[in-house]
Amino acid sequence: MSPSPPTALAPFAALAPQDPVSVIAPASGFDRPSFERGLAVLSARYRVGYGAGLFAKHRYLAGEDPRRLRELLDALADEDSRALFCARGGYGATRLLPHLTTATPPGPRKPLVGFSD
């Protein structure tokens with residue numbers, strides 16, 4: 001028996017001006033001036049929130065794995081946030097994948113926006 005074809009995901013509703021969004025740091029650390037410039041761009045359109053741990057550092061990562069995982073899960077579960085934006089990409093995000101054990105993320109479905117090299 002051949003596997004079923006993948007089902008198409010329904011598109012996300014467009015974000016509107018002043019929608020609440022979250023910024024998370026699930027991967028590599030980042031410099032504060034670059035973050036502030038990006039935050040200014042996002043804040044011009046959305047209500048941006050982020051946790052106090054966002055600026056943590058652990059070697060080349062934005063904090064230790066448990067901190068970054070908790071931040072990701074909390075942002076996914078946040079009923080108010082309409083989208084998640086990653087402060088920076090990097091290998092550190094892949095270290096979280098084995099810990100994402102639920103079939104569906106907690107909270108309402110929302111886009112996770114980020115990129116890496």
Side-chain angles (χ1 to χ4, degrees):
M1 179 173 192
S2 63
S4 305
T7 57
L9 293 176
F12 293 102
L15 296 175
Q18 296 307 306
D19 272 350
V21 300
S22 300
V23 176
I24 60 172
S28 298
F30 53 90
D31 67 279
R32 190 73 179 249
S34 295
F35 173 80
E36 295 294 339
R37 287 190 299 275
L39 184 63
V41 171
L42 287 175
S43 296
R45 181 162 177 94
Y46 307 114
R47 286 184 293 128
V48 181
Y50 56 87
L54 187 79
F55 303 105
K57 299 272 190 203
H58 178 69
R59 298 174 47 199
Y60 64 91
L61 299 171
E64 294 189 18
D65 290 358
R67 188 215 69 80
R68 294 180 295 108
L69 178 62
R70 180 81 266 140
E71 180 180 69
L72 172 60
L73 293 174
D74 287 349
L76 286 170
D78 183 347
E79 295 286 333
D80 295 325
S81 182
R82 297 275 326 277
L84 308 181
F85 288 87
C86 296
R88 181 169 178 202
Y91 163 74
T94 62
R95 294 168 50 129
L96 304 181
L97 293 177
H99 305 288
L100 299 175
T101 57
T102 59
T104 53
R109 196 171 154 265
K110 62 187 87 172
L112 172 63
V113 181
F115 68 93
S116 186
D117 55 350

If you take all heavy atoms of [X] and [Y], which pair is closest and at what distance?
X	Y	result
Arg67	Gly63	NE-CA, 4.0 Å
Ser28	Tyr91	OG-N, 4.4 Å
Leu96	Pro26	CD1-O, 3.7 Å
Tyr50	Val23	CB-O, 3.4 Å

Can you get from [X] to [Y] by hopping between Ile, Leu, Val, Met, Phe, Trp and Tyr side chains that sit under 4.5 Å apart?
X	Y	value
Phe35	Val48	yes
Leu69	Leu97	yes
Leu61	Leu54	no

[X] side chain vs [Y] backbone, donor-acceptor pair below 3.5 Å:
X	Y	value
Arg47	Gln18	yes
Lys57	Phe30	yes
Ser81	Ser22	yes
Arg68	Gly92	yes
Glu71	Ala25	yes

Exercise. Only one of Arg82, Arg45, Lys110 forms a salt bridge (charged side-chain N to carboxylate O under 4.0 Å, His left out) with Asp19, so which one is it?
Worked result: Arg82
Exercise. So, do Cys86 and Val113 sit near enough that their side-chain heavy atoms are less than 4.5 Å apart?
Worked result: no
Problem set entry | Leu76 side chain near Leu112 side chain, heavy-atom distance below 4.5 Å |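 The answer is no, as the side chains (C-beta and beyond) never meet within the 4.5 Å cut-off.
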If you round to the nearest 0.5 Å, how far is [atom2] of [Y] from [atom1] of [X]?
X	Y	atom1	atom2	answer
Leu42	Phe85	CG	CZ	5.0 Å
Leu84	Asp78	CG	CG	8.5 Å
Arg95	Asp65	CZ	CG	4.0 Å

